[in-house]
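The structure appears right after this line, and notes come after that.
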Amino acid sequence: MSDSIFSKIIRGEIPCHRVYQDESVLAFLDINPLSRGHVLVVPKEPAATMADLSDPAAAGLGKALPRICRAVVKATGAASYNLLQNNGADAGQEVMHVHVHVIPRYPEDDTGLRVSWKPRAFDHDAGAELARKIARLL
Ligand code: AMP
């Protein structure tokens with residue numbers, strides 16, 4: 001994959017406000033925060049999307065995330081937060097290097113972030129076939 005701005009940050013070529021680092025993860029403040037304490041958690045492996053991430057890098061990401069969430073909650077006082085993870089242009093991903101947004105939420109602070117579902121009717125026959133197809137690939 002091409003070199004993203006996050007690879008440059010990981011290599012220290014571009015500065016960031018770092019909050020955490022270990023052998024597989026770097027976390028830093030988002031430069032265009034939706035709220036105070038908006039953090040990006042970035043695997044050091046240069047995978048574009050979650051589906052491209054290796055098992056060891058995914059394990060490192062999963063291990064770091066709850067710790068970082070706890071620290072963000074304690075530092076900001078936010079009682080709530082969203083984890084947002086975009087994969088691909090249609091999903092709103094702008095930086096093609098896997099990252100998880102940790103977005104603290106405060107009462108009365110309108111981030112503009114809405115979880116707005118438009119659920120459809122469920123087709124059990126098609127659903128069963130699709131579930132089998134996905135399961136076969138795992
Ligand atoms: P996404 O739409 O999920 O790809 O989000 C990319 C995020 O990266 C955006 O929220 C940007 O504000 C953030 N971002 C881009 N460049 C930087 C940077 N140099 N330092 C910190 N955050 C950045």
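As the structure lists them, so they are numbered: ligands from 1, and atoms in each ligand from 1. What you see is a predicted model; the values in this text were computed from it and never measured. Just so you know, residue 1 is the first one in the sequence shown, and it goes up from there.
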closest protein heavy atom to atom 2 (O) of ligand 1 is G92 O, 2.9 Å

protein heavy-atom neighbour closest to atom 8 (O) of ligand 1 works out as F6 CZ, 3.4 Å

For ligand 1, find out whether one of its N or O atoms is nearer than 3.5 Å to an N or O atom of H38.
no

D110 and R105 ion-paired at < 4.0 Å: no

Need the ligand 1 atom indices (1-based, order shown) with element for anything under 4.0 Å from a heavy-atom of [X].
| X | answer |
| --- | --- |
| V95 | 4 (O), 6 (C) |
| H101 | 1 (P), 3 (O), 5 (O), 7 (C), 10 (O) |
| L29 | 21 (C) |
| L40 | 8 (O), 13 (C), 22 (N) |

Does [X] have a heavy atom less than 4.0 Å from any atom of ligand 1?
| X | result |
| --- | --- |
| C16 | no |
| I9 | yes |
| Q85 | no |

- Ring-ring centroid check H99 H97, cutoff 6.0 Å: no

>> In terms of relative ring orientation, are F28 and F6 parallel, tilted or perpendicular, with 30° and 60° separating the classes?
In response: perpendicular

Among D30, N87, I31, V100, closest by heavy atom to atom 20 (N) of ligand 1 is I31

Among Q93, H99, E94, closest by heavy atom to atom 3 (O) of ligand 1 is H99

Worksheet item: Shared ILVMFWY cluster between I68 and Y81, side chains joined below 4.5 angstrom?
Response: yes

* Can you tell me if Q93 and T49 form a side-chain donor-acceptor pair at under 3.5 Å? -> no

Short version for N86: what comes under 4.0 Å of ligand 1, heavy atoms counted, is side chain

